[in-house]
*Asks:* 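Just passing along the structure, written as structure tokens.
When reading the values below, keep in mind they use all heavy atoms of this one structure, side chains included, and skip hydrogens, waters and symmetry mates. The structure presented is a predicted model; accordingly, all values stated were derived computationally and were not measured. A note on names: the letters A, B, ... follow the listed sequences, proteins ahead of strands, and every chain is numbered from 1.
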Protein chains: 2
Amino acid sequence: MKKRQTVTLKHIAEALNLSISTVSRSLKNHKDISKETIALVHAKAKELNYFPNIFAQGFRKHRTHLIGVVVPNLTHYYSSTILEAILEEAEKKGYHVIITGSKDSYDKQIELLNTMLHLGVDGILLSLTRDTYNVDKIIKYIEQVPLILFDKVSRKVPCTQVIIDDEQAAFNAVKHLIDTGRKRIAIFKETNDSFNSLKRYEGYLRALKTNNLPFDESLVYSSKYIPLEQGRKLAETVLKNPQRPDAVFCITDNCAVGAMQVFKKNNIKIPEEIAIVGFSNSLASRIVNPNLTTVDQPGSKVGKTAINYLIDEIDNPKENYMDYKTVEIKTNLIVRESSIKND
Amino acid sequence: MKKRQTVTLKHIAEALNLSISTVSRSLKNHKDISKETIALVHAKAKELNYFPNIFAQGFRKHRTHLIGVVVPNLTHYYSSTILEAILEEAEKKGYHVIITGSKDSYDKQIELLNTMLHLGVDGILLSLTRDTYNVDKIIKYIEQVPLILFDKVSRKVPCTQVIIDDEQAAFNAVKHLIDTGRKRIAIFKETNDSFNSLKRYEGYLRALKTNNLPFDESLVYSSKYIPLEQGRKLAETVLKNPQRPDAVFCITDNCAVGAMQVFKKNNIKIPEEIAIVGFSNSLASRIVNPNLTTVDQPGSKVGKTAINYLIDEIDNPKENYMDYKTVEIKTNLIVRESSIKND
DNA sequence: TAGATTACCGCAAACGTTTGCGGGTTAATT
DNA sequence: AATTAACCCGCAAACGTTTGCGGTAATCTA
């Protein structure tokens, strides 16, 4: 019981009266080996159900075909779609993925990167914790192993980064509100902006400017984090604003949902009196009533792109920082009921 | 660049003028080594930032400290909470986790189990695909590597299984409806029942029986899968029922949400005219209006329990099938607005 | 004081794979 | 016919760790 069959090169060699080295080379179609021998070995390997011992290989070649992933959280729908894509794509390319969660703790994040390194992963996919202000340690890792950032990134880290076009997405969302006649457009964002929040804010500003709408600071609502509850709180402060906005662009779906709850409870008609736009195309956005207009973030594309860049980098080590680039994945505005006057 | 520091036992040995074997033994506090030497070696190891090469170790010891996880899907909220707990608990115990997704395909599932085996994982955590009717191949794996089932399981597989108390949970949910005065309670379930669906149906039946309510077959609504859209469809057929139910127990939150949408659209008051209870305590259940009464499945507890049983089994290999057991995690009914008359 | 323990430690083999090097055929070239 | 080239294959070392076995010196027993 619990006996693992373990057929090695040696078994094949003995069965075929060949040397271990010839068998090894045959299996990788080395040119020194005749076609007949190669065919023979492949056949026998299949017959015996041979699989290379990954540890002997990794031990020998310093190549593990393991990829480490460090993310702050994996219960968010967006995170999990990214992860799913990473897994799928990795498998296609013959890699395996070790996922870990930093629980949004910087120290844990560093610890996990350390673990990854000593685990011998071929490369690392990292989504930064919220409190990654100092990136010195992260940079140390870049010098030791191919690493690319995705989703939550920082421009201070010199490596390839895969993100969505936050600025443009926000611009489009706000432009949509303007196009549908809104004049006083508020924004719900983070107080000390994360990279994403900042970019979305910039998009908001650009949309106002491009369309000659005045910037009104009283329409900028911020809170430290932006979960559902904060959306509620911000919405309540909105109610106190003497000059109430006629639209709110929320930086996340969750806070948009929270805001909607408050507005609805106060009998403010959505979208007639106030239009709402979120960001994420979360499940909730499709469930809430009225359905939420939101920005769709193609998580699977982000994941797929990230791992492909990583594998490329593993295969072709970069020589200097100049070779790194930032890849922006295009998003789509999904217009639903929360932003357009009913039929 | 991309140079990994790699300090081995040899380096420590040379620095201390000891043999490699002595160093190796010192690091595991072998009794043959004097306390002084052990202290010395530990100090030097720390100084040089030594970490054992996991591949050399795994290669030598046939122990990888890797655990493989195979799940049908990881974007579901419930799945991801389980996974997160697995990761956290594994890390505490010094294991690493390789997660893969079978995309609910039986063939892919088998393929992944194969991969896991050849990857040399110490054990496997498996949640079955919906179409796992034949478990012969799964049983083959049990003979080769410690494996335990969680969430989606099958009694036909002789191994430890970690699940929630579906039957009791359903019983409690339906009893709640009965206690609040409902007489004609419908159920939305799967046509050809999965293990979970079946158990929940049994709980439904037992609740009716225990409370002397007649069983009415016209109140049993089934469809192949139970996503949100099917909840809508089933709800529409409910509307056609001349003797409309006054409550619906939905086997998943998603289909409950779908049902609510339809009922609301038809101006049927929830919960006054019809009460709804779901199953999952999903994010949606808290967002939908009215909030959905639902069964909370403690995913983190399921994950934690599952991996702890697995690690235990890795450490103490079972000798026969009798040693396996089924662990049921208790659930909680969360009563919200969708099932109780408003204040 | 001789013999027997005990406490420490090193030698070397083993795990399965890859790969540089060298050797032996056979066929092609001069 | 002799040289060369092309082709095919095996030997053995190496990767870093663990561990059975054996050895030495110190300590103990009688």
Side-chain angles (χ1 to χ4, degrees), chain A residues 2-45 48-66 94 96 117-122, chain B residues 3-45 48-66 94 117-122:
Chain A
K2 303 297 166 190
K3 269 269 180 58
R4 277 188 218 212
Q5 51 166 23
T6 167
V7 19
T8 71
L9 289 182
K10 196 174 171 189
H11 295 119
I12 302 180
E14 281 169 358
L16 257 41
N17 244 331
L18 286 171
S19 74
I20 293 179
S21 33
T22 300
V23 173
S24 172
R25 273 187 265 251
S26 298
L27 288 173
K28 357 198 89 55
N29 301 317
H30 193 285
K31 64 175 171 50
D32 269 8
I33 312 294
S34 68
K35 320 230 172 316
E36 297 79 33
T37 307
I38 289 185
L40 234 65
V41 170
H42 272 97
K44 186 56 94 176
L48 298 181
N49 193 25
Y50 166 82
F51 272 85
N53 179 315
I54 188 179
F55 286 91
Q57 271 183 333
F59 172 44
R60 182 65 227 270
K61 305 238 297 179
H62 291 279
R63 190 75 189 277
T64 61
H65 286 267
L66 249 34
H96 301 281
L117 213 60
H118 290 117
L119 242 177
V121 297
D122 287 345
Chain B
K3 269 269 180 56
R4 279 187 213 211
Q5 51 166 28
T6 168
V7 17
T8 71
L9 290 182
K10 195 174 172 189
H11 295 119
I12 303 181
E14 281 169 359
L16 257 41
N17 243 333
L18 287 170
S19 75
I20 292 178
S21 34
T22 301
V23 173
S24 172
R25 276 188 263 253
S26 298
L27 287 173
K28 358 197 88 56
N29 302 315
H30 192 284
K31 63 177 171 49
D32 268 8
I33 312 292
S34 69
K35 322 237 169 311
E36 297 80 32
T37 308
I38 289 184
L40 232 66
V41 169
H42 273 98
K44 184 58 89 176
L48 298 180
N49 193 27
Y50 167 82
F51 272 84
N53 179 317
I54 188 181
F55 285 91
Q57 272 183 332
F59 172 45
R60 184 64 227 270
K61 305 237 296 177
H62 290 280
R63 189 76 189 274
T64 61
H65 285 266
L66 250 34
L117 212 61
H118 291 116
L119 243 177
V121 297
D122 287 344

*Asks:* For B:Ser19 and C:dG10, is the shortest distance between a side-chain N/O and OP1 or OP2 below 4.0 Å?
*Replies:* yes
*Asks:* Can you identify which nucleotide, out of C:dT17, C:dC9, D:dC11, has its nearest atom closest to the B:Thr22 side chain?
*Replies:* C:dC9
*Asks:* Once you round it to whole Å, what is the distance between P of C:dT25 and CD of A:Glu36?
*Replies:* 19 Å
*Asks:* Once you round it to whole Å, what is the distance between P of D:dC9 and CD1 of A:Ile12?
*Replies:* 15 Å
*Asks:* Atom CD1 of A:Ile20 to atom C1' of C:dG16: distance rounded to whole Å?
*Replies:* 8 Å
*Asks:* Mind checking the OG1-CG spacing from A:Thr6 to B:Leu117? Nearest 0.5 Å is all I need.
*Replies:* 10.5 Å
*Asks:* Can you check the B:His30 NE2 to D:dC21 C1' distance for me, whole Å?
*Replies:* 12 Å
*Asks:* Regarding B:Ser21, tell me which of base, sugar-phosphate or nothing describes its non-hydrogen contacts under 4.0 Å with the strands shown.
*Replies:* base
*Asks:* Measure the distance from CG on B:Asn29 to P on C:dC9 and round it to the nearest whole Å.
*Replies:* 13 Å
*Asks:* Would you say C:dT19 has OP1 or OP2 under 4.0 Å from some side-chain N or O of A:Ser24?
*Replies:* no
*Asks:* D:dA14 C1' sits how many Å from A:Gln57 CD, rounded?
*Replies:* 16 Å
*Asks:* For a quick check of understanding: with a heavy-atom distance under 4.0 Å over all strands, which category does B:Leu18 fall into, base, sugar-phosphate or nothing?
*Replies:* sugar-phosphate
*Asks:* Send over the distance from A:Phe51 CZ to C:dG16 P, rounded to a whole Å.
*Replies:* 17 Å
*Asks:* Could you please name the option among D:dC15, D:dT17, C:dT19 that lies closest to any side-chain atom of A:His62?
*Replies:* D:dC15
*Asks:* Roughly, in whole Å, what's the span from NZ in A:Lys61 to P in C:dC15?
*Replies:* 22 Å
*Asks:* Looking at D:dG16, I'd like to know if its phosphate oxygens (OP1 or OP2) sit under 4.0 Å from a side-chain N or O belonging to B:Tyr50.
*Replies:* no
*Asks:* Nearest to the A:Thr6 side chain among C:dT17, C:dG16, D:dG20, which nucleotide is it?
*Replies:* C:dG16
*Asks:* Ignoring hydrogens and angles, tell me if any N or O in the side chain of A:His11 forms a donor-acceptor pair with the backbone of A:Thr8 under 3.5 Å.
*Replies:* yes
*Asks:* Nearest 0.5 Å, what's the CD1-OG distance between A:Ile38 and A:Ser26?
*Replies:* 5.5 Å
*Asks:* So does A:Arg63 get a backbone contact from the side chain of A:Asp122, meaning a donor-acceptor N/O pair under 3.5 Å?
*Replies:* no
*Asks:* After noting the C-alpha distance and the side-chain angles of A:Val41 and A:Leu18, does the key distance pass the side chain to side chain contact (heavy atoms under 4.5 Å, CB included) rule?
*Replies:* CA-CA 9 Å; A:Val41 170; A:Leu18 286 171; 3.8 Å; yes
*Asks:* Under 4.0 Å between any heavy atoms, over every strand shown, what does A:Asp32 touch: base, sugar-phosphate, or nothing? Just pick one.
*Replies:* base
